Amino acid sequence: MKMLIIGGSGFLGAELRRQTQGRGWKVDASYYSRPGVTHEGSWHQLDVRNRAQVEGLLATVAPRVVINVTSGGADWAVTADGSVHVAMATAKLGIRLVHVSSDAVFSGIGRTQYDETCAPDPITPYGAAKAAGETAVRLLCPDAAVVRTSLIIGDGDSEHERVVHELAAKEREGALFTDDIRCPIHVADLASGLWQLAVSNEAGVFHLAGADALSRYSLGVLIARRDGISPSLLPAGRRADTRLPGALDVRIDSHATQDRLGIRLRGAREFLGER
C-alpha cells in the first residue's frame with residue numbers, strides 16, 4: 001500500500017515519515033524547494049499552485065491515500081488554491097484524502113470553545129485561505145477527513161520552541177502574549193492521529209489538538225523550564241495592546257474526535273514535563 005505526503009519535508013511531514021516504520025506502507029513525499037534529510041520512499045518536487053502538476057504527480061505515484069500537510073501561510077495561491085488542486089486530483093483519481101487545516105479558521109469572537117461542528121469564521125488572510133481549503137475539500141471530496149489542529153510542538157525543533165530560545169537569548173525582538181490562548185499538541189500525537197485517519201474510512205471534520213488551553217507565554221514558560229532556561233528571561237506582553245491581526249482566544253475541543261477514534265491527546269503540561 002502506498003501513501004503520498006504532500007509537504008513531506010516540513011516539521012509535521014517529517015514526523016509522519018518517521019512513524020512509517022512497521023506500518024507496512026510505502027510512503028512517498030513531495031517538497032517544494034528541497035527534499036527532507038532522510039526518507040525511505042521517493043521524493044517528488046511539487047508546486048501545488050500548478051493544477052496539472054498536482055494531477056500528474058498523483059496519477060504517476062498512484063497512492064491509496066494522500067495526506068496534505070503543506071501550507072503557504074497567507075499565500076492564497078498555495079494555501080487555498082493548492083488545496084483545491086489536491087482535492088480535485090484526489091477526487092478525480094479516487095484517492096483518499098486527509099487534509100490538515102488550522103484553528104486559524106476561527107475568530108474567537110463571541111465564543112472561545114470550538115468543536116467539530118463549528119463553522120469557520122476567519123479574521124486573517126491565513127485563516128481565510130485555510131477555510132477556503134476546507135470548503136473545497138468538503139465539497140469535492142465528501143469522503144475525505146479534514147483535520148483542524150493548533151500550535152504544533154516537538155522535542156526542541158518546532159518553530160514555537162525556537163522562538164522561545166531566541167527571545168530568551170535576546171536574539172529576537174518581541175514578546176510572548178499572555179492573552180493569546182491556544183491548545184498546543186505534540187507533533188507525535190498529531191502524526192499518530194493523522195495516520196489513524198489515513199488508514200480508516202472516517203470522513204468529515206476532526207479536531208486534533210492538545211488537552212490544555214494555554215497562553216503563548218505560559219507555553220513558553222513550560223518550554224523554558226524543560227530546556228533549563230529561566231522563565232524570567234522571557235518577555236511578556238498582551239496581543240490586545242498591539243495592532244497585530246488574529247484571534248485572541250481559540251480553544252479547539254477534541255473530545256468528539258478522541259471518542260470517535262479511541263485515542264488520547266496529551267496536553268502541553270504533560271508532554272512538556274510539568275506533570
Side-chain angles (χ1 to χ4, degrees), residues 7 9-19 36-37 69 71 73 100-104 106 108 112-114 124 126-127 130 147-194 207-242 244-254 258 263-275:
S9 59
F11 180 56
L12 176 55
E15 179 62 24
L16 283 166
R17 298 191 333 264
R18 190 191 69 78
Q19 292 190 17
V37 178
V69 301
S71 176
V100 178
S101 188
S102 165
D103 57 10
F106 297 124
T112 60
Q113 199 86 3
Y114 293 88
T124 64
Y126 172 60
K130 275 296 191 182
V147 179
R148 296 172 182 146
T149 190
S150 191
L151 305 181
I152 307 174
I153 308 300
D155 297 316
D157 47 358
S158 71
E159 175 188 355
H160 308 291
E161 292 161 285
R162 288 195 297 272
V163 167
V164 169
H165 281 247
E166 291 169 2
L167 286 171
K170 296 185 174 11
E171 296 173 350
R172 181 189 189 104
E173 294 184 357
L176 296 172
F177 296 130
T178 59
D179 58 347
D180 191 333
I181 312 295
R182 298 295 186 272
C183 295
I185 186 168
H186 195 281
V187 66
D189 292 354
L190 175 55
S192 178
L194 291 173
H207 282 184
L208 293 176
D212 298 329
L214 297 171
S215 71
R216 290 181 186 262
Y217 178 77
S218 296
L219 175 63
V221 168
L222 290 176
I223 292 170
R225 287 174 176 163
R226 181 201 64 185
D227 296 343
I229 298 170
S230 173
S232 65
L233 297 174
L234 299 178
R238 280 170 34 90
R239 186 171 191 147
D241 295 333
T242 75
L244 293 174
L248 289 178
D249 193 338
V250 172
R251 308 180 188 211
I252 294 291
D253 185 341
S254 303
Q258 290 181 89
I263 61 175
R264 186 179 78 87
L265 299 171
R266 297 173 293 167
R269 293 187 180 92
E270 180 180 348
F271 64 72
L272 288 171
E274 187 171 85
R275 66 178 184 217

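Predicted model, so just to flag it, every value in this text is computed and none were measured.
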- Task: Mind checking the CD1-CD1 spacing from Ile229 to Ile223? Nearest 0.5 Å is all I need.
- Result: 9.0 Å

- Query: Tell me, do Thr112 and Ile181 make a side-chain contact under 4.5 Å, heavy atoms counted?
  - Reply: no

- Message: Ignoring hydrogens, what is the shortest heavy-atom contact between Ser150 and Arg182? Give both atom names and the distance.
- Response: OG-CB, 3.5 Å

- Between the main-chain N or O of Ala209 and the side-chain N or O of Ser254, is there a donor-acceptor pair closer than 3.5 Å? yes

- Task: Would you please test Tyr114 and Asp103 for side chain to side chain contact (heavy atoms under 4.5 Å, CB included) and show each step?
- Result: CA-CA 9 Å; Tyr114 293 88; Asp103 57 10; over 6 Å; no

- Message: Against Arg216, only a single residue in Asp179, Asp180, Asp249 fulfils salt bridge (Lys or Arg N to Asp or Glu O under 4.0 Å); can you say which?
- Response: Asp180

- How long is the span from the CD atom in Glu270 to the CG atom in Leu222, to the nearest 0.5 Å? 12.5 Å

- Residue pair Val69, Phe11: steps toward the side chain to side chain contact (heavy atoms under 4.5 Å, CB included) verdict: CA-CA 10 Å; Val69 301; Phe11 180 56; over 6 Å; no

- Step-by-step side chain to side chain contact (heavy atoms under 4.5 Å, CB included) determination, Ser71 to Lys130: CA-CA 9 Å; Ser71 176; Lys130 275 296 191 182; 4.0 Å; yes

- Message: For a 4.5 angstrom cut-off between non-hydrogen side-chain atoms, does Pro235 reach Leu167?
- Response: yes

- Query: So, the side chain of Ser158 versus the backbone of Ile153: is there a donor-acceptor pair under 3.5 Å, distance only?
  - Reply: no

- Message: Do Ser102 and Arg148 make a side-chain contact, defined as non-hydrogen atoms from C-beta onward lying under 4.5 Å apart?
- Response: no

- Output the distance between atom OG1 (Thr149) and atom CD1 (Ile185), rounded to the nearest 0.5 Å. 4.5 Å

- Task: Side-chain contact test, heavy atoms from C-beta onward, threshold under 4.5 Å: evaluate it for Val187 versus Asp189 and give yes or no.
- Result: no

- Query: Any side-chain heavy-atom pair from Arg172 and Val163 closer than 4.5 angstrom?
  - Reply: yes

- Item | pair Leu194-Val100: side-chain heavy atoms closer than 4.5 Å | yes

- Task: Might you point out which heavy atoms bring Thr178 and Ser215 nearest each other, and give the distance in Å?
- Result: O-CB, 3.4 Å

- Message: Are there over 12 heavy-atom neighbours, none belonging to Glu173, within less than 6.0 Å of that residue's CD?
- Response: no

- Item | Any donor-acceptor pair under 3.5 Å from Thr124 side chain to Gly246 backbone | no

- Roughly how far apart are Leu208 CG and Ser192 OG, rounded to 0.5 Å? 9.5 Å

- Message: Ignoring hydrogens, what is the shortest heavy-atom contact between Ala236 and Ala175? Give both atom names and the distance.
- Response: C-CB, 3.8 Å

- Query: Roughly how far, to the nearest 0.5 Å, is the CG atom of Leu176 from the NE2 atom of His160?
  - Reply: 11.5 Å

- Query: Any Lys/Arg nitrogen of Glu159 or Arg162 sitting under 4.0 Å from an Asp/Glu carboxylate oxygen of the other?
  - Reply: no

- Item | Any side-chain heavy-atom pair of Leu151 and Leu219 under 4.5 Å | yes

- Query: Where is the tightest heavy-atom contact between Arg269 and Asp212, given as atom of each residue plus distance?
  - Reply: N-OD2, 3.0 Å

- Task: Only pairs at least two apart or in different chains count here, so list each ring pair (Phe, Tyr, Trp, His ring centres under 6.0 Å) that has a residue in residues 166-188.
- Result: His186-Phe271

- Between Val164 and Glu161, is any pair of side-chain heavy atoms under 4.5 Å apart? no

- Message: Side chains of His207 and Asp253: any donor to acceptor distance under 3.5 Å?
- Response: no

